[in-house]
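The structure appears right after this line, and notes come after that.
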2 protein chains.
Amino acid sequence: MANMASGNTVAEVAHLIGDAARANMLAALMGGQALTAGELARHAGVTPQTTSGHLIKLTEARLLAVERQGRHRYYRLASPEVAQAIHALSVLAVAGPKRHHPIGPKDAALRLARTCYDHIAGRLALALADSLVREGHVILSDGAGLVTDCGRRFLTDFGINTEALHARRPLCRTCLDWSERRPHIAGQLGAALLGNALEQGWLMRTPESRALRITRSGEIGFATTFRLPLNWREQPGR
Amino acid sequence: MANMASGNTVAEVAHLIGDAARANMLAALMGGQALTAGELARHAGVTPQTTSGHLIKLTEARLLAVERQGRHRYYRLASPEVAQAIHALSVLAVAGPKRHHPIGPKDAALRLARTCYDHIAGRLALALADSLVREGHVILSDGAGLVTDCGRRFLTDFGINTEALHARRPLCRTCLDWSERRPHIAGQLGAALLGNALEQGWLMRTPESRALRITRSGEIGFATTFRLPLNWREQPGR
DNA sequence: CGGACATTTCGGTATCTGCCGAAACATGGT
DNA sequence: ACCATGTTTCGGCAGATACCGAAATGTCCG
């Protein structure tokens with residue numbers, strides 16, 4: 001069958017995501033970093049040959065983008081829209097009647113702070129969102145969010161150019177947290193917050209995980225800049 | 001295989017949507033109305049037996065909800081989250097490089113006004129969104145939206161109880177329009193707008209289509225209440 | 001009860017495609 | 001040049017499942 005380089009249907013896109021191996025790869029890429037074909041193979045639990053086939057399909061369908069670097073090939077989600085679609089599906093996946101996560105003994109770090117495609121998730125993200133709302137910098141009405149003038153000044157001081165963000169993406173979106181069940185800040189603002197925190201050395205990515213490590217300066221920086229309550233780590237959410 | 005009544009995975013959910021017949025059924029249900037198994041069979045282009053199997057799977061996975069009524073079974077999307085997921089996928093589906101819709105000679109009506117799950121889409125929806133923004137009733141920052149105090153009063157006068165809306169769903173979300181490429185108002189506010197318009201007899205559903213018919217009183221009502229510009233029908237968007 | 005209609009169950013077929021082993025290709029280091 | 005590593009291509013197999021025809025079940029109507 002002739003391969004039309006463009007135009008997928010909903011069914012075709014869903015069919016691509018609807019395979020365990022491919023879904024695992026996409027989930028791994030939800031961490032926001034580009035991964036090599038080999039790493040993705042390990043995440044998916046299949047051999048490199050099999051992985052290669054999957055990656056070709058995903059790339060041709062424009063769900064992934066590739067970048068060659070020496071003998072490696074780095075794959076990443078092709079666009080924020082892809083991340084959004086996967087997120088929307090994962091909401092349905094968890095939605096089954098009762099399935100409160102079987103505790104994460106080893107994902108304590110993940111619960112504290114992790115990446116969610118391009119922004120921060122976990123309790124840190126909730127604390128930041130609470131702070132921004134409490135201080136009147138951002139107004140959240142569930143799935144929607146808005147940066148106030150006061151918030152714009154605050155973020156500018158923090159080092160985020162709110163003027164430059166007005167591209168196609170929502171300035172401020174919320175994203176349901178996986179561990180806790182409250183929304184945190186996603187969208188362009190969420191991406192900018194993560195970017196700045198990494199740049200300032202407040203957060204560091206961890207190699208083989210989506211977990212984020214909070215540095216010593218980050219401890220202080222977050223607490224003072226965002227006036228976090230002392231107990232923000234324990235707060236189980238609600 | 002043991003049927004776990006709960007807990008799907010992302011891959012399982014996507015796999016269900018990733019079949020042409022099932023995707024067609026879901027797309028048909030994006031109109032917001034409940035449809036019978038037979039109607040869905042026609043939409044999907046397969047026989048009733050085949051359809052039955054699909055519907056059982058979709059229902060067990062909690063993507064659809066059923067309601068028996070005599071010898072009919074009415075199926076509808078189980079939750080707004082399902083609609084959101086399908087919408088997110090359809091964004092990716094169209095995203096292929098170039099695929100501007102091959103004109104719709106017969107979907108002129110669809111372009112003008114149609115349902116999108118539970119809210120209004122089409123040029124009417126764009127005109128309404130423009131109006132709400134222009135009058136300062138709603139502030140949109142791309143994917144996010146917010147109802148102002150002034151807007152709250154306006155909507156209350158219109159017959160929408162904005163206090164009662166504060167459930168789990170976003171009060172105001174935007175949704176990328178399929179024909180035109182601009183966001184319109186979805187979420188609870190979008191649903192309330194559609195509901196009120198139907199109740200007041202400003203809009204009427206059409207039997208076998210997602211198109212909405214604008215009644216005579218609707219012509220006048222929309223134009224005066226929302227101060228629509230005279231040419232809102234022609235505006236091709238951008 | 002019997003006939004029309006909506007929906008489901010059962011059984012069998014055909015197709016699709018995910019998987020791996022083996023081997024080729026590509027790149028970088030020594 | 002050689003080898004190690006990362007990735008792709010090829011070929012064949014096996015499991016999953018979408019499809020339909022035939023027939024059963026359920027529901028309304030007269």
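Letters A, B, ... mirror the listed sequences (proteins, then strands); counts begin at 1.
Within the nucleic acid shown, A:Thr51 has no heavy atom closer than 4.0 Å to any nucleic acid atom. Among the protein residues, A:Ala20 comes within range of no part of the nucleic acid, since none of its heavy atoms lies under 4.0 Å from any strand.
We find that CD of A:Glu67 is positioned 16 Å from P of C:dT27, with the value rounded to whole Å. If you measure from atom OH of B:Tyr74 to atom P of C:dA6, you get 11 Å, rounded to the nearest angstrom. For the pair B:Arg68 CZ and C:dT7 C1', the interatomic distance rounds to 9 Å; values are reported in whole Å. Nucleotide C:dT7 holds its P atom 12 Å from the CD atom of B:Gln69, rounded to whole Å. When rounded to the nearest whole Å, the span between CG of B:Leu64 and C1' of C:dT7 equals 16 Å. The nearest whole Å value for the distance from the NZ atom in B:Lys57 to the P atom in D:dA16 is 12 Å. We find that CG of B:Leu40 is positioned 12 Å from C1' of C:dT7, with the value rounded to whole Å. Spacing between atom CG of A:Leu55 and atom C1' of C:dG18 amounts to 14 Å, rounded to whole angstrom units.
Taking only side-chain nitrogens and oxygens, B:Arg22 comes nearer than 4.0 Å to OP1 or OP2 of D:dA18. Dashed line: the shortest gap from a side-chain N or O of A:Arg73 to OP1 or OP2 of C:dT27 is not under 4.0 Å. The side chain of B:His54 places an N or O atom within less than 4.0 Å of a non-bridging phosphate oxygen (OP1 or OP2) of D:dC19. An OP1 or OP2 oxygen of D:dC19 is reached within less than 4.0 angstrom by no side-chain nitrogen or oxygen of B:Thr50. At C:dT7, none of the side-chain N or O atoms of B:Ser52 fall inside 4.0 Å of OP1 or OP2 (strictly under the cut-off).
Here the options are B:Leu26, B:Leu55, B:Leu63, the test is side-chain contact (heavy atoms from CB on, under 4.5 Å), and the partner is B:Tyr75; only B:Leu55 passes.
Between the side chain of B:Asn24 and the backbone N or O of B:Gly45, no donor-acceptor pair lies under 3.5 Å.
Ion pairing between B:Glu219 and B:Arg233 holds under the 4.0 Å rule for side-chain N and carboxylate O.
For B:Ile56, counting side-chain heavy atoms from C-beta on, the closest listed nucleotide (D:dT8, C:dT9, D:dC20) is C:dT9.
Two residues, A:His15 and A:Arg71, neighbour DNA chain C, and the one matched to the more 5' nucleotide by heavy-atom proximity is A:His15.
Of all non-hydrogen atoms in B:Asn8 and A:Leu92, the two that sit nearest each other are ND2-O, 4.4 Å. The two residues A:Ala211 and A:Ala109 come nearest to each other via the heavy atoms CB-CB, 4.2 Å.
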